[in-house]
Number of protein chains: 2
Amino acid sequence: MAHDRPLADRAAQPRRRPRVTAADVAKTAGVSRSAVSRAFTPGAYLDEDKRQRVLKTAMDLGYRPNALAASLQGAATDLVGVVVGGLSNPYDSEWLAALVSALNASGKWPIVLGGQAEGLDESVTSILSYPLDALIVRGGSLGEALIDNCTKLNIPVIFSGRVISHPAIDCVACRNHMGMVQAVTLLLESGRRRIGYIGGPPTLSSEKERLAGVVERLAEAGLMPAAQVTSDYSFDGGKSAMRALLRDTSPDAVVCANDAMALGALSFARNTCNLTVPDDLAIIGFDDIAMADWAEFDLTTVRNPLEETVNEVLRLLEDRLANPQKPGEVVMVEPVLVKRGTH
Amino acid sequence: MAHDRPLADRAAQPRRRPRVTAADVAKTAGVSRSAVSRAFTPGAYLDEDKRQRVLKTAMDLGYRPNALAASLQGAATDLVGVVVGGLSNPYDSEWLAALVSALNASGKWPIVLGGQAEGLDESVTSILSYPLDALIVRGGSLGEALIDNCTKLNIPVIFSGRVISHPAIDCVACRNHMGMVQAVTLLLESGRRRIGYIGGPPTLSSEKERLAGVVERLAEAGLMPAAQVTSDYSFDGGKSAMRALLRDTSPDAVVCANDAMALGALSFARNTCNLTVPDDLAIIGFDDIAMADWAEFDLTTVRNPLEETVNEVLRLLEDRLANPQKPGEVVMVEPVLVKRGTH
DNA sequence: TCGAAATATGCACGCGTGTTCACATAACTG
DNA sequence: CAGTTATGTGAACACGCGTGCATATTTCGA
């Protein structure tokens, strides 16, 4: 911690030159500091000539109001925390890119936490020292413990990809169960009967829902999963899972909990096992990432609508900021079965 | 702008409950506000019992020091701006993920700008209102105009993927020219003579270097590019470029300015034109993104070392913060030819 | 010409911190 | 016990800013 550094050291260290301040501009332009502040405040009384002079001086000195100091007076900071787990899942990357872009477009500035799972809780704790306007959390990347923290700090939390039953929390999530029912139904209709499943980390609520969707739809048809393996949502994880799965059983279809694993499974089946997809084996994924549509893969999958999800997150954010006391809202997004060439 | 909102409206709008403050904790715990501050400051004189009492109260109330208010006293904010262009290039996504992860690990909090090109300059201007410790800029996503702005605001700038000749700016970049020389040399050695090139946006300095590497190495062998097309660093762009290229010429090898385009080109050549790679046509990319190693592609490429780049960015950042006045540093990263199955 | 309304401006305050400074108490020292 | 030193502590200040308030200047109507 910087605090531990003795004061003598801190003085010895070359201090960075301080930022240009409104007082500096005032002195240079020969006006009062209030005038400088007013020059940057639309609608404030200030002689037009003087305003121009102040703005000119500010431009020369490279001054601009310090948003943090301004926020001390109660204004919004426009800073939004964004927590995303390990970015090994391409869908998370796409989600992050879309969200960052959308936040920027509406004048919010995302402080991003993620990339590694370890130390994430700690990072979130640190970031709560900043007066964020809100915190946006991707899926199961975080425990529910932080909700209390945020509530006490009056920082609204918005979950994406996970439903939280809490009176004042907003969520956007996909109907995972329904999506998987559609996928399995498609397989059953084309005569598949030995259907395996490659799942993600079993602790995630979305994973539980997807698994349940598969199992229950199969049960409805009087079937059980032909095999079931757990992996980590990554391409390589999908490959390993497929290896394990094919070692013990010979399914005629495999449903994967996300596209990255589906692509890995597909790759392993084709290139290592010389299986023909979909003739020997059907594979269906979940998410519909950009790569699913590439000719090499042409993956049949369940679309987890990205644009709609991000739009809803932003709408919830704006609503929440406009009315901090409103009750929590749960938005469900409808999955769409995308039939391509692997079923 | 929020400023335009009349005061009456702002008052009518439901104010968010203010954050718990040190004064609140002091009152509740029955101590002075100074004591609260000291309780959170390692090495400050404070009775241990009292400190525990304060911390307990703070925990109950959900208090934690406001980092922004604290930064007013001259401390570092630990906020770092990160500017990345449109994230259509997967290498940019990988770069962002690695950088965010590394920054988090060293206690810096990245404010991310990117996703769309339009309005990026404007966004950067907005974000400079915050007292950032530094600004990290990816490649050619931004004009040099902002350097002046940042210099005046005393915000250090670090470029990644681009060399800037400025006395006080740090950069990390790959020897693009050398990388392309290696790629072309490999093709020449295996007997290729009709070598085409698919380039990225010609305004980028890295693009100019890569193109120059290709052209000059060919010239050295007494050759000229068999064809040359410009595209946008995306997978689909690579497909289109390959279509255009094959319409007019029949090269025996194509060098691509990045992997995403190379994969698109590879996909088009194989799936649409039924060409055999590498027998009919060799394809070499640049970057070595994760997908290049997938069995479907097995792309021969020039590695643009990601981990090393990010490590250097972080080192430059720490050095710069430790010594704001030190001269700018240019770090060159060595590309590595990765021979796989497409040459 | 005089009063009132409109416009322009400086002073002072508060936002939430960390830290200095002066002071009060406790613990030693001789 | 008197004198010095260690240990705690609260009041006060500064950080950079926006804004309420009171005051100074100008404009306007009668």
Side-chain angles (χ1 to χ4, degrees), chain A residues 1-8 10-11 15-16 18-27 29-54 58 61 63-77 129-131 153-154, chain B residues 1-8 10-11 15-16 18-27 29-54 58 61 63-77 129-131 153-154:
Chain A
M1 303 270 298
H3 302 294
D4 295 328
R5 198 185 305 138
L7 296 184
R10 186 181 295 187
R15 298 296 306 153
R16 60 183 294 185
R19 203 178 157 97
V20 179
T21 168
D24 299 334
V25 177
K27 182 176 292 184
V31 301
S32 78
R33 197 187 57 73
S34 307
V36 177
S37 185
R38 279 189 250 265
F40 283 88
T41 305
Y45 278 133
L46 188 61
D47 183 72
E48 193 51 33
D49 287 352
K50 188 181 269 190
R51 162 168 275 143
Q52 291 306 331
R53 186 152 41 103
V54 169
L61 266 53
Y63 166 79
R64 77 191 59 199
N66 182 333
L68 263 49
S71 80
L72 271 186
Q73 334 240 10
T77 57
S129 297
Y130 299 86
L153 290 166
N154 296 311
Chain B
M1 303 267 297
H3 301 295
D4 295 329
R5 200 185 304 137
L7 296 183
R10 188 182 293 186
R15 297 298 304 154
R16 60 184 294 183
R19 202 178 158 98
V20 178
T21 166
D24 299 335
V25 178
K27 181 176 291 184
V31 302
S32 77
R33 198 189 57 75
S34 306
V36 177
S37 184
R38 278 189 255 264
F40 284 89
T41 305
Y45 277 135
L46 187 62
D47 183 72
E48 193 52 31
D49 287 352
K50 186 180 272 191
R51 160 168 274 143
Q52 290 306 329
R53 185 153 43 99
V54 169
L61 266 53
Y63 166 79
R64 75 192 59 200
N66 182 333
L68 264 47
S71 81
L72 270 185
Q73 335 236 11
T77 57
S129 296
Y130 298 86
L153 290 166
N154 296 311

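In what follows, chains are A, B, ... by sequence order, proteins preceding strands, each numbered from 1.
In this structure, B:R33 places its CZ atom 12 Å from P of C:dT19, rounding to the nearest Å. For the pair A:N66 CG and C:dC15 C1', the interatomic distance rounds to 13 Å; values are reported in whole Å. Distance CZ (A:F40) to P (D:dG18): 9 Å, rounded to an integer number of Å. For the pair B:L153 CG and D:dG16 C1', the interatomic distance rounds to 14 Å; values are reported in whole Å. Rounded to an integer number of Å, the gap from A:L72 CG to D:dG16 P is 12 Å. Rounded to whole angstrom, the span from the OH atom of B:Y130 across to the P atom of D:dC17 amounts to 14 Å. Distance A:K27 NZ to C:dG10 C1': 17 Å, rounded to the nearest Å. Atom CD of B:Q73 and atom C1' of D:dC15 are 6 Å apart (whole Å).
Considering only the side chain of A:A22, D:dC17 comes nearest among D:dC17, C:dT19, C:dC15.
Close to D:dC17, at under 4.0 Å from its OP1 or OP2, lies a side-chain N or O of A:T21.
Looking only at distances, a side-chain donor or acceptor of A:S32 sits under 3.5 Å from a matching main-chain atom of A:A35. Formation of a donor-acceptor pair under 3.5 Å by the A:R51 side chain with backbone atoms of A:R38 is found in this model.
Residue contacts shown for A:S37 include a base, since a base heavy atom lies under 4.0 Å away.
Taken to the nearest 0.5 Å, the OG atom of B:S71 stands 8.0 Å off from the OH atom of A:Y130. Rounding to the nearest 0.5 Å places CG of A:L153 at 5.0 Å from CZ of B:R19. Remark: B:N66 CG to B:T21 OG1 distance equals 8.5 Å, nearest 0.5 Å.
Side-chain atoms of A:S34 come within donor-acceptor range of the base of C:dC11, with a qualifying N/O pair under 3.5 Å.
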Taking it one step at a time, do B:Y63 and B:V36 satisfy side-chain contact (heavy atoms from CB on, under 4.5 Å)?
CA-CA 10 Å; B:Y63 166 79; B:V36 177; 4.2 Å; yes
Evaluate A:L68 against A:T77 for side-chain contact (heavy atoms from CB on, under 4.5 Å), listing each step before the verdict.
CA-CA 7 Å; A:L68 263 49; A:T77 57; over 6 Å; no
For each nucleotide in nucleotides 4-9 of chain C, reading 5' to 3', give B when a protein heavy atom comes within less than 4.0 Å of its base, S when such contact involves only the sugar-phosphate, and - otherwise.
---S-B
